[in-house]
Amino acid sequence: MKNYHCNEITENILSKEIKLSGWVGKRRDHGGIIFVDLRDYTGIVQLVFNPEDKELFMKAESIRSEFVIEIRGMVNPRLEGTVNDDLATGKIEIIVSSLRILNKSETPPFKINDDNVNEDQRLQYRYLDMRSDKMQKTIRFRSKLIQIIRNYFYSKEFIDIETPILTKTTPEGARDYLVPSRVHPKEFFALPQSPQLFKQTLMIGGLDKYFQIAKCFRDEDLRSDRQPEFTQLDVELSFTDEEEIIQIVEELFALIFKDIMDYKDNLNFERMSYHDALKNYGCDKPDLRNPLILKDIKELVKGVDFKVFSDHVNNSTSRIAALKVPGGISLSRKNIDDLTEVVKNFGAKGLAYFKCEDISDIENGIASPIKKFLNTEVIQNILTEVDAKNGDLIFFSADSTDIVNSSMSALIKDLGSSLNLLSGGWKFLWVLDYPLFEQDSEGNPTSIHHPFTSPKNFNDLSEADVYKIPSRAYDLILNGNEIGGGSMRIHSKDIQMKVFELLNISEEEMNKKFGFFLKALSFGCPPHGGIAFGIDRLVMLLLELDSIRETIAFPKTQSSSCLLTNAPSSVDEKQLRELSINTTKSIK
RNA sequence: GGGGGUGUAGCUCAGUUGGUUAGAGCGCCUGCCUGUCACGCAGGAGGCCGAGGGUUCGAGUCCCUUCACUCCCGCCA
């Protein structure tokens, strides 16, 4: 006899005897008749226990929530007036003839599909949480996504290669998770932050088209979209260029959206330079669904005797920007105070604004706490620059370029969602023309992507201003979230050494850390490039989930612990001795 | 490393200016109930108020320390 799933029980198999197994969702005992909602991952079906069979009925009285049962019974149409339209199987029910209790269950700490349970409870009892419709849907979606990705790359004759999890520590970048070597006292493996050097080495090894669904590890602080171990789609090709990689990726996303997103329209991939992204949106991952854009007004406030502006007018590392919010006049004092807190988070000192009540009358029609510092001509020029209309609110930010950009992009993001300004569904954006380097907090050059990214032209490396050297990097942004990034790589040892040199890495240091790779580059490395995507974050975006933890079966909490297993945990002295390890902090 | 929020029954929460025996809904247990599907009715059990310290005649409530969870900044080549 076939073992059915709950959603397979339909009016097509009426009066047929079937076998069904699953979990008890809910028992409704009416004394003379018992109803049980039987649940599996496909849905719920109602079982009916009648009192004629005394033994069966008594057994049914003993079952409780989350018992695992197997039943045999007859599929019956429901009596008139007892049809449940809220249930997919609400037109039928199963008259049970035999019941096997396959396993009992403790009373669960929370109901399976209760969506009002705190996350720490759900993580502690992840196996119960997983029985919920939402988790089932997410985890199965993730599996299908990975299946599509694998099939796509296999069909394009890419090969799937596993790279090591125990590998060599990579300096710079994120902190590594370290694994002590027992055989080599005082030496450590590191878990990979990404398979970057291995995949490039594969190219040198003549494995032209590589992909991997790779686990990566970074020992940094967590966020709602960041986990210490995560899964990356990693791709690398030889004898290729940016356009080919972009085309491969766009084709993949077209397939994903068609197959599992139920999306009929053609996807539209826009392109924007890094420079334009920062200028218009203050960040390199703009959300194109958001209509708000920044305008530079430094030139317009040159002669203004107002310290907030004048401090930055002649500073080349400062920016003065205006942000017009159409209809923003309706924002209350409280709203604006809250937004001020948002920008203060990013180091901004405050948030000045104009309320445009009547732009034809600058004397009386513009309300602003900073109006007294500005003459009519300056105000008029600003209104013209942002193309203000009556009812608009204009925010101002003046500070170092970094602070203006980060605070104003946060403001744009906040206003976009709080004022419901987002429109247009799925917006993909390629950000191109990144510089090779940016300045770190100590004023030294650091790679925007990673030090293996190729400069646009090799002789660009002799450019006097290192921050102007263009690179061959590209990022893919979806609705304001970075989902993938890649580049054409350096394939010449000399260029690679030159880039290390510009990053102030001594020859001795580069040989110690990357010697194996520099040597490999010298043995006929083909031109190559690739890209990588964060799978967890992609699932989160596609399913519009609040946190990356929802996409991972067994995620870590914000303090990088696992509530299910209580990892990490202390270890025996004996284990430590074997590894030649002394701990410096006492165990809590 | 820094800032914000939360922590009271199994779950989700309320708890006033410090003042008798700390509450509710759901869940759980017992009994009754033959058409429910948020079943109904009656009764019942269940609390180191996250932990430690302090102020006070008296602390869930005030103060200090600490832990856990969470959001954000830094960080994440």
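First the proteins, then the strands, lettered A, B, ... as listed; each starts at 1.
Look at B:rC69: its Watson-Crick or wobble partner, with both distances under 3.5 angstrom, is B:rG5. When both distances must be under 3.5 Å, the Watson-Crick or G-U wobble mate of B:rG35 does not exist. Pairing for B:rG23 goes to B:rC13, judged as Watson-Crick or G-U wobble with the two contacts each under 3.5 Å.
Protein atom CZ of A:Arg122 is 18 Å distant from nucleotide atom C1' of B:rG10, rounded to whole Å. Distance, A:Tyr177 OH to B:rC75 C1': 13 Å, rounded to whole Å. Atoms NE2 (A:His30) and C1' (B:rU36) sit 3 Å apart, rounded to a whole Å. A:Leu47 has its CG atom 20 Å from the P atom of B:rU34, to the nearest Å. If you take CG of A:Asn84 and C1' of B:rA38, they are 12 Å apart, rounded to a whole angstrom. Look at CG on A:Asp114: it is 10 Å from P on B:rC13, rounded to the nearest Å. For the pair A:Asp338 CG and B:rC72 P, the interatomic distance rounds to 17 Å; values are reported in whole Å. Remark: P of B:rC29 and CD of A:Glu106 are 11 Å apart, rounded to the nearest angstrom.
For A:Leu79, the listed nucleotide lying nearest its side chain is B:rG35; candidates were B:rG35, B:rC28, B:rU34. Counting only heavy atoms from C-beta on, A:Asp221 has its side chain closest to B:rC75 among B:rA77, B:rU34, B:rC75. Among the nucleotides B:rG35, B:rC11, B:rC28, the one closest to any side-chain atom of A:Phe110 is B:rC11. Side chain of A:Leu563, nearest nucleotide from B:rC69, B:rU30, B:rG35: B:rC69.
For the salt bridge (charged side-chain N to carboxylate O under 4.0 Å, His left out) with A:Asp129, the lone residue among A:Arg122, A:Lys134, A:Lys111, A:Arg549 that qualifies is A:Arg122.
Nucleotides B:rC28 and B:rC39 are separated by 10 Å at their P atoms, to the nearest Å. Nucleotides B:rC49 and B:rG7 have their P atoms positioned 15 Å apart, rounded to a whole Å. Spacing of C1' atoms, B:rG18 relative to B:rA9, comes out at 24 Å, to the nearest Å.
For B:rC37, the OP1/OP2 oxygens have no side-chain nitrogen or oxygen of A:Thr82 closer than 4.0 Å.
Counting only residues at least two apart or on different chains, the ring pair (Phe, Tyr, Trp, His ring centres under 6.0 Å) pairs with a member in residues 478-510 of chain A are A:Phe500-A:Phe514.
When heavy atoms are screened at a 4.0 angstrom cut-off, A:Phe452 is found touching no nucleic acid atom at all. Within 4.0 Å of A:Glu80, counting heavy atoms only, lies no atom of the nucleic acid at all.
Looking only at side-chain heavy atoms (C-beta outward), A:Arg175 and A:Glu220 come within less than 4.5 Å of each other.
Under the 6.0 Å cut-off for aromatic ring centres, A:Tyr274 and A:Tyr434 qualify, their centroids lying closer than that.
A stacking contact links A:Phe35 to B:rU36: the aromatic ring centre lies within less than 5.5 Å of the base's six-membered ring centre, and the planes differ by less than 30°.
Scored by the salt bridge (charged side-chain N to carboxylate O under 4.0 Å, His left out) test, A:Arg39 finds A:Glu66 as partners (sequence neighbours excluded).
Across A:Met540 and A:Ser224, no two heavy atoms sit closer than the pair SD-O, 4.2 Å.
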